[in-house]
Amino acid sequence: MKYDFSAIEAKWQKFWEDNKTFEVKIDRSKPKYYALVEFPYPSGAGLHVGHIKAYTGLEALSRKKRLEGYNVLFPMGFDAFGLPAENYAIKTGVHPRVSTDRNIAHFSEQMKKVGYSFDWSRVIDTSSEEYYKWTQWIFLKMFENGLAFRDTALVNYCPSCKVVLSNEDSQGGKCDVCHSDIVQLPKEVWYLRITAYCEKLLEGIARVDYPPYVKAQQENWIGKSTGAFVNFELKGSDEKLRIYTTRPDTLYGVTFMVIAPEHPVIDRSANVIKNMSEVEAYRAECAKKTEFERTQLVKDKTGVKLEGISAINPVNGKEIPIYISDYVMMGYGTGAIMAVPAHDQRDWEFAKKFGIDIIEVIKGGDITKEAYTGDGEMVNSGVLDGMTNKKDSIEKMLGFLEEKGIGEKGVQYRMKDWAFNRQRYWGEPIPIIHCPHCGLVGVPYDELPLRLPDVKNFEPGTDGESPLARIEEFVNCKCPKCGGDAKRETDTMPQWAGSSWYYLRYVDPHNDKEFASKEAKEYWLPVDWYNGGNEHVTRHMIYSQFWHRFLYDIGEVNTPEPYMKRTCIGLVLGPDGDKMSKSKGNVVDPLDVIKVYGADTLRTYVLFMGDYEKAAPWSESSVTGCKRFLDRVWGLQDIVVDGDYRPEFVSKMHKTIKKVTSDIDTIKYNTAIAALMTLINDFTASGKITKAELRDFCILLYPFAPHITEEIYQAQGFGGYIHDAKWPKYDEALCRDDEVEVAVQVNGKIKDKLNVSTTAEQDEVIEAAKALERIKAEIEGRQIVKAIYVKGRLVNIVVK
RNA sequence: GCCGAUGUGGUGGAAUGGCAGACACAGCAGACUCAAAAUCUGCCGCAGCAAUGUGUGCGGGUUCAAGUCCCGCCAUCGGCACCA
């Protein structure tokens, strides 16, 4: 009989759906397992093979865990708010609700064709009222706790999309959505105070099981540095200039100071600065540059000396000049630095250009050529002279600063607060009312959700306002506190809001009283394993780690961390080895693969194609290889005979069970499948397979290829369904063969092979090795220094 | 510049310090076929007719034994970056 994958796959997909096979409930008799994959943005393009690879990994794990007796929550949903749906609406007039629903239906159908064992009763849509009600609820909780606030700041603004973007969405000075250049505008915007959680986030990262590069990336993003704040007195003004430095040990080498062009001390000292017009001209020039441009001009330092004021170095009383320069940013530290040209390359370049003194305080380099940033003996440094250990010098200086009251230890973070509003339509309305008397007032909880009103025109306003601002019935409202006339906030939340807590909603998705019941949260949380794309490690993940930790702090969740373990998939590249993209025309459509080869082949291939965490190009011929493998699996039914494991297959079976079991747990899907291929090669070579061998072989293959194995399991009458079967157990003792071939080396070079019993003792094996003709010839007339036997592996005879 | 990862056949990739290249793709040869496809069998790192030699980015080291551990480089990829 031919392997009719289309019929088999349709049959079992219908069976699983009709019987709600993968719907789960709280069941305290079983251990729970929460496997989570990143939910997709339901774009018009449909599922991509990258999605398939991402979902199939934990899909295999989930199927296996169920057979091992776990109660597995493996949900799916849609991250449905966002700009593409809105831009599509602007272009075509189709309401985002309509296109989003259509796309969700399309994605769902595609996923069902792959045969995923998602619990479809728990599907969530972040753009649905039942869902965003709780996104708004969490926002209000943050507002109540002072973590959501408004501030005027220079914002990253995309002139093309007409939105304010977070730093995360404007990396490299380009808009993440349309890649236009970002400009900086002052605007009053909403922020979430993620910086209040820097320390807690760092603590959390230390606790969880993420790959080292993920932890490094997150830590880098938070960017903690330790150092000192030091106050410099100003001559010619009552002001003190406060700086942050990581190198307080070099304080004696300070020969000038630099402040950011926007630093407020400039305006406060305007009356004593003699060259204010020159200063203003420089400031105007800087304001024209984007932050991106400012950070690009690495070599050529510019700046203006502030005439009329100067600073006093607090450790030696020397008078030093103050400059403004755009290499100092207002957004980091205090916006002012102490410059140590001898030991900081940027300061050195500035000093060279402006003819400022360069004083060496650490010996070891040639400061006439470049700044010396290495270690060495301290000189010209008062209390520090003679010290050679950087750490000790810093400690000593910190003590000195504190004793004299001129500075103290300090910590800085690179991460900035999260700009949280967008002037667009297709997002969660921010549930805040602007009251002329009461200020900012939260929409009362019992009025949630604050519904996104219907609009006809999705174009953003020319002045950077949301389309919601044009809807008077929405904007005009009464203040919930004083009852007076008030106006609603018309901005919406950014794309990242809904995904910051979606894994929490899955545990109790239909609850209309709370975002999830206490019982469900306590049973299912935390997520045991979260798999997704590398690109989400800094934005989405840090955001959701922040939201989760906040919910933990207010007693809404029972674990401090949302995700216990994280893995990242490697990209699926096009057949040409380039990143798949429409413009290159190298995109592979998973549905095409299913049509020609079947879902089981597609699933097996995406896990077999290489190291799961590394990028690998798509190879049509390798897909064929996986199809051939499943054809051969199907063909096993022609050679099946009654019986238990044959003696010569006992250790092969046990070894394979062991390998597949551990490889699925450690994301080595490729070697698990390879082990099954090896085993089937052995069955074929032996000309038959017993019922017991076939049954267990099918169970081992089931996580990867569930349809074909369900079918064989049923056709062979193994009893019940494979999705209810027990995962086979292996016996360590039976994983060993009775006899093994060991390599025989002389001085580490392989000279011969020898068959020995696994139980043979060292002396016995070494004697047998020496007796081999080839070995005899090698050791003839030489002195045996030593002989080593590594059990079941090799013998090494060392001769002189 | 800083942080992290990776470097193995023609290709994707295997290898608790213990026989490098499992498994698969491609390739070659053969069987079946009028023929082709499919399928099956065998071969398949490099050099060499062979014996053999050589081989995991490069240079050292530790060890009876190194792809694996240590030291120093090089290259590629990813993240951050005038961050004080």
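Within every chain, numbering begins at 1; the chains are lettered A, B, ... in the order of the sequence lines, protein sequences first and strands thereafter.
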Distances for protein N or O near nucleotides 8-12 of chain B N or O, under 3.5 Å:
unit_1, atom_1, unit_2, atom_2, d
B:G12, O2', A:M609, O, 2.3

Round to the nearest Å and state the distance from [X] atom [atom1] to [N] atom [atom2].
X: A:K627; N: B:A24; atom1: NZ; atom2: P; value: 16 Å
X: A:D326; N: B:C82; atom1: CG; atom2: P; value: 11 Å
X: A:E613; N: B:G7; atom1: CD; atom2: P; value: 13 Å
X: A:M677; N: B:A24; atom1: CE; atom2: P; value: 6 Å
X: A:W634; N: B:U39; atom1: CH2; atom2: P; value: 18 Å
X: A:L571; N: B:U6; atom1: CG; atom2: P; value: 17 Å
X: A:R414; N: B:G79; atom1: CZ; atom2: C1'; value: 11 Å
X: A:D344; N: B:C82; atom1: CG; atom2: C1'; value: 9 Å

Give a yes or no on this: more than 12 heavy atoms of other residues, nucleotides or ligands lie within 6.0 Å of atom [atom1] of [X].
X: A:K579; atom1: NZ; answer: no
X: A:K409; atom1: NZ; answer: no
X: A:K688; atom1: NZ; answer: no

In whole Å, what separates the [atom1] atom of [N] from that of [M]?
N: B:G13; M: B:A81; atom1: P; result: 30 Å
N: B:A22; M: B:U62; atom1: P; result: 32 Å
N: B:A51; M: B:C69; atom1: P; result: 34 Å
N: B:C71; M: B:G78; atom1: P; result: 27 Å
N: B:A37; M: B:C32; atom1: C1'; result: 12 Å
N: B:G55; M: B:G4; atom1: P; result: 32 Å
N: B:A35; M: B:A47; atom1: P; result: 35 Å
N: B:A65; M: B:G61; atom1: P; result: 13 Å

Within the side chain of [X], is there an N or O that forms a donor-acceptor pair under 3.5 Å with the backbone of [Y]?
X: A:D249; Y: A:M397; result: no
X: A:D600; Y: A:I708; result: yes
X: A:Y372; Y: A:D375; result: yes

Does [N] have OP1 or OP2 under 4.0 Å away from a side-chain N or O of [X]?
X: A:N670; N: B:A14; result: yes
X: A:K614; N: B:U76; result: no
X: A:N681; N: B:A24; result: yes

So does [X] pair up with [Y], basic N to acidic O under 4.0 Å?
X: A:K2; Y: A:D4; value: no
X: A:K770; Y: A:E767; value: yes
X: A:R242; Y: A:E408; value: yes
X: A:E620; Y: A:K627; value: no

Working to the nearest 0.5 Å, report the span between [atom1] of [X] and [atom2] of [Y].
X: A:E741; Y: A:L754; atom1: CD; atom2: CG; result: 8.5 Å
X: A:L306; Y: A:I322; atom1: CG; atom2: CD1; result: 6.0 Å
X: A:L734; Y: A:K658; atom1: CG; atom2: NZ; result: 12.0 Å
X: A:K224; Y: A:E219; atom1: NZ; atom2: CD; result: 10.5 Å

Any protein N or O atoms within reach of nucleotides 25-29 of chain B? Criterion: under 3.5 Å, listing atom names and distances.
unit_1, atom_1, unit_2, atom_2, d
B:C25, OP1, A:R628, NE, 3.1
B:C25, OP1, A:R628, NH2, 2.7
B:C25, O2', A:S621, OG, 2.6
B:A26, OP2, A:R628, NH2, 3.4

Regarding A:Y213, tell me which of base, sugar-phosphate or nothing describes its non-hydrogen contacts under 4.0 Å with the strands shown.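 The answer is sugar-phosphate, as A:Y213 gets under 4.0 Å only of primed atoms, P, OP1 or OP2.
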
Using a heavy-atom cut-off of 4.0 Å across all strands, would you classify A:A216 as base, sugar-phosphate, or nothing?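 Sugar-phosphate contact only.
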
Go through the side-chain N and O atoms of A:Y789 and A:E761 and say whether any donor and acceptor fall under 3.5 Å apart.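 Side-chain D/A pair, A:Y789 to A:E761: absent.
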
Of A:T678 and A:Y612, whose nearest nucleotide on RNA chain B comes first from the 5' end?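 Nearest-nucleotide comparison on RNA chain B picks A:Y612.
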
A:F683: partners by ring pair (Phe, Tyr, Trp, His ring centres under 6.0 Å), with sequence neighbours left out: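 Ring pair (Phe, Tyr, Trp, His ring centres under 6.0 Å) list for A:F683, sorted by chain: A:F649, A:F697.
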
Six-ring centre of A:F704, A:R603 cation under 6.0 angstrom, axis tolerance 45°: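 Not satisfied by the 6.0 Å and 45° rule.
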
Please write out the pairs of protein N or O atoms and N or O atoms of nucleotides 16-19 of chain B separated by less than 3.5 Å, giving the distance to one decimal.
unit_1, atom_1, unit_2, atom_2, d
B:C19, O2, A:K753, NZ, 2.2
B:C19, N4, A:E741, O, 3.0

I need the residues from residues 243-251 of chain A with at least one non-hydrogen atom less than 4.0 Å from RNA chain B; give them sorted by number, or say none.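 Heavy-atom cutoff 4.0 Å gives A:Y244, A:T245, A:T246.
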
Compute the ring centroids of A:F608 and A:F629, then answer whether they are less than 6.0 Å apart.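 No - the distance between ring centres of A:F608 and A:F629 does not fall below the 6.0 Å cut-off.
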
Where does B:G21 fall, syn or anti, if syn means a chi angle no more than 90° from 0?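 The base of B:G21 is oriented anti (glycosidic angle more than 90° from 0).
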
Stem finding on RNA chain B, please: runs of three or more consecutive Watson-Crick or G-U wobble pairs, both distances under 3.5 Å, sorted by first number.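 The stems are B:1-7 with B:74-80, B:10-12 with B:23-25, B:27-31 with B:39-43, B:45-47 with B:52-54, B:57-61 with B:69-73.
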
